[in-house]
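Here is the structure we will look at.
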Amino acid sequence: MKKKLRVGVLFGGRSGEHEVSLLSAASILKAIDRTRYDVVPIGITKQGRWVVSGDAERLLSGDFSESGSTALRAGDPQHTAPAAVLAKGQGVIVPPMPAVSGGGTLVPFEREASAISPAQDVLQLDVVFPVLHGTFGEDGTMQGLFELAGLDYVGSGVLGSATGMDKEVMKRLFLAAGLPITNHVTFLRQEWVKSPRKIIARLEDALKYPLFVKPANLGSSVGISKAHDRKELGPAIELAASFDRKIVVEQAVGGRGNRAKMGKARELEVAVLGNDEPVASVVGEIVPGKEFYDYEAKYLSEGSQPIIPAKLTKKQSAQVRAMALEAFRACDCAGLARVDFLLEAGDSGRLYLNEINTMPGFTSISMYPKLWEASGIKYRDLIARLIDLALERKAEQDQISYSR
């Protein structure tokens with residue numbers, strides 16, 4: 001009988017997307033094939049403490065209600081198995097060195113005053129599924145730790161994760177690859193603090209309202225605002241600057257042609273799966289319940305409507321899918337990504353590449369698994385395929401010589 005792979009499902013983290021990560025992990029932990037994998041839930045608290053549960057199976061099979069007035073649409077993150085692991089788990093550390101027998105390890109420790117004393121037992125892992133969204137998880141920092149520790153892991157490497165997180169660097173790579181993007185301006189928080197009038201003048205000289213104001217490094221639409229005029233622009237910049245030192249301001253995409261409806265762009269999404277030979281899913285569309293697809297529309301309210309597949313011509317669909325693969329390669333991604341587009345309304349609307357997300361949401365309402373389900377890959381099989389891709393990528397990396 002083939003030995004089960006021990007898979008660490010990593011969730012939580014110090015990001016503004018902590019709660020979304022708990023829900024993504026809860027879905028994966030529920031659906032993963034236990035006949036193929038021994039599963040180890042690993043949580044990271046908002047303070048950055050790594051924990052595992054001393055009784056993980058009980059936590060995963062327990063009855064956790066989905067209640068609370070502030071619950072996300074996929075369930076209350078504070079009443080999921082991952083939340084219980086965070087609350088009751090034993091502290092662990094990941095030594096930044098490969099294990100002698102291959103794979104990686106988690107070393108338990110106890111905190112006494114300021115000292116950290118390693119315990120006797122270590123937990124061996126074959127592969128990690130880092131269901132971490134946003135900073136300190138999806139931005140290359142965690143991937144660097146995995147590389148040092150010799151761990152196989154799901155998703156993009158250090159470079160792909162970092163470029164997929166930083167919206168400005170991402171746009172530079174898209175431009176270099178000849179992909180169409182929206183007009184935008186990037187500046188630093190310190191520039192805004194020193195001379196807000198100069199920044200506003202620069203924005204109004206280069207772009208036309210309405211404008212989308214975004215932190216360069218974050219996901220799930222956290223910190224994003226739509227500014228219709230100068231009065232709304234200042235507060236939008238302040239909000240974005242509270243989440244990152246770099247701010248990206250984009251000109252909204254409008255409509256073209258006689259059939260344009262109020263100049264509102266269509267929001268299209270494609271799921272990409274693979275390493276060196278990636279494939280694209282069918283194209284999906286999100287019709288936001290609000291003016292745009294912000295955090296509330298994604299996770300709190302019920303008004304947004306996914307349309308899978310999107311109502312496009314065969315030519316349009318082929319173009320969107322091809323561009324998704326080009327974006328994936330331009331950012332040196334691996335494993336998985338969701339690529340988002342904006343299509344101008346009307347019969348002659350132009351297509352723009354918006355951004356790439358290297359660890360898209362895995363909640364029960366997330367587009368990434370839904371797009372693959374519509375393309376013929378079930379959720380459980382998708383998880384297994386991602387783990388296989390992680391192993392394939394590590395096997396190829398092991399062929400590289402690092403010394404003479």
Side-chain angles (χ1 to χ4, degrees), residues 16-17 133-135 164-175 179-189 191-192 196 199-256 260-269 285-301 303-304 323 327 338-345 349-357 360-361 367:
E17 300 172 75
H133 306 307
T135 45
M165 175 57 61
D166 191 310
K167 294 179 178 63
E168 190 219 5
V169 175
M170 180 197 308
K171 290 177 184 294
R172 289 177 183 267
L173 292 175
F174 290 163
L175 280 175
L179 298 168
I181 62 173
T182 57
N183 295 331
H184 69 284
V185 171
T186 304
F187 57 92
L188 300 177
R189 177 171 56 204
E191 294 180 89
W192 167 254
I199 292 296
I200 288 178
R202 177 181 166 194
L203 293 173
E204 292 182 336
D205 183 57
L207 308 172
K208 296 180 180 179
Y209 291 104
L211 303 173
F212 283 101
V213 183
K214 307 178 178 181
N217 290 275
L218 207 58
S220 292
S221 299
V222 175
I224 296 180
S225 305
K226 186 175 184 179
H228 300 82
D229 51 38
R230 183 182 295 185
K231 182 179 179 181
E232 296 179 351
L233 182 58
I237 293 175
E238 291 287 350
L239 176 63
S242 69
F243 288 100
D244 195 24
R245 59 180 286 273
K246 186 160 56 173
I247 296 94
V248 176
V249 180
E250 301 170 354
Q251 183 172 301
V253 175
R256 293 167 60 85
K261 297 181 180 179
M262 299 177 63
K264 190 173 182 179
R266 297 173 64 184
E267 302 190 27
L268 307 176
E269 298 185 354
E285 179 174 2
I286 288 290
V287 180
K290 298 182 63 180
E291 187 174 3
F292 71 99
Y293 201 40
D294 62 1
Y295 185 90
E296 181 178 343
K298 287 181 178 180
Y299 302 113
L300 297 174
S301 65
S304 299
M323 283 177 58
R338 194 195 68 236
V339 187
D340 301 342
F341 298 85
L342 296 169
L343 178 62
E344 287 180 329
R350 293 175 295 191
L351 179 67
Y352 295 91
L353 182 54
N354 187 24
E355 63 182 42
I356 193 167
N357 187 320
M367 283 291 280

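Note: hydrogens, waters and symmetry copies are ignored here, and every other heavy atom, side chains too, is used.
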In Å and rounded to the nearest 0.5 Å, what is the NZ to CG distance from K264 to L342? 12.0 Å
Heavy-atom nearest pair, A240 first then K214, reads CB-C, 3.8 Å
Run the side chain to side chain contact (heavy atoms under 4.5 Å, CB included) test on L203 and F187 for me, step by step, so that the C-alpha distance in whole Å, both residues' side-chain angles and the decisive distance to 0.1 Å come before the verdict. CA-CA 10 Å; L203 293 173; F187 57 92; 4.1 Å; yes
With R172, which residues qualify under side-chain hydrogen bond (donor to acceptor under 3.5 Å, both in side chains), at least two apart? E168
Quick check for you: to the nearest 0.5 Å, what is the distance between E191 atom CD and I247 atom CD1? 8.5 Å
How would you list, by chain and number, every residue that makes a side chain to side chain contact (heavy atoms under 4.5 Å, CB included) with S242, sequence neighbours excluded? L239
Any chance you could measure E204, atom CD, to I199, atom CD1, to the nearest 0.5 Å? 12.0 Å
If the test is side-chain contact (heavy atoms from CB on, under 4.5 Å), which one of E250, E269, M170, E267 qualifies with N354? E250
Exercise: identify the closest heavy-atom pair between P288 and I286: CD-O, 3.3 Å
Shortest non-hydrogen contact from A236 toward S225: CB-CB, 3.6 Å
Taking all atoms of both residues into account, what is the closest heavy-atom pair of F212 and A252, and its distance? CE1-CB, 3.8 Å
Under the rule for side chain to side chain contact (heavy atoms under 4.5 Å, CB included), what residues qualify as partners of A327, not counting sequence neighbours? F174, L179, V339, L353
To the nearest 0.5 Å, what is the distance between CZ on R350 and OG1 on T182? 11.5 Å
Partners passing salt bridge (charged side-chain N to carboxylate O under 4.0 Å, His left out) against E285 (at least two apart in sequence or in another chain): R266
Set of side chain to side chain contact (heavy atoms under 4.5 Å, CB included) partners for E232, sequence neighbours left out: A227, H228, D229
Between the CG atom in D166 and the CG atom in D244, the distance rounded to the nearest 0.5 Å is 7.5 Å
Would you call K171 and T186 a side-chain contact if the rule is heavy atoms closer than 4.5 Å? no
Tell me whether Q251 contacts the main-chain N or O of K208 through its side chain, where contact means a donor paired with an acceptor under 3.5 Å. yes
Reported CE-to-CG distance for the pair M367 and D340, which is rounded to 0.5 angstrom: 8.5 Å
For R189, all residues meeting salt bridge (charged side-chain N to carboxylate O under 4.0 Å, His left out), sequence neighbours excluded: none
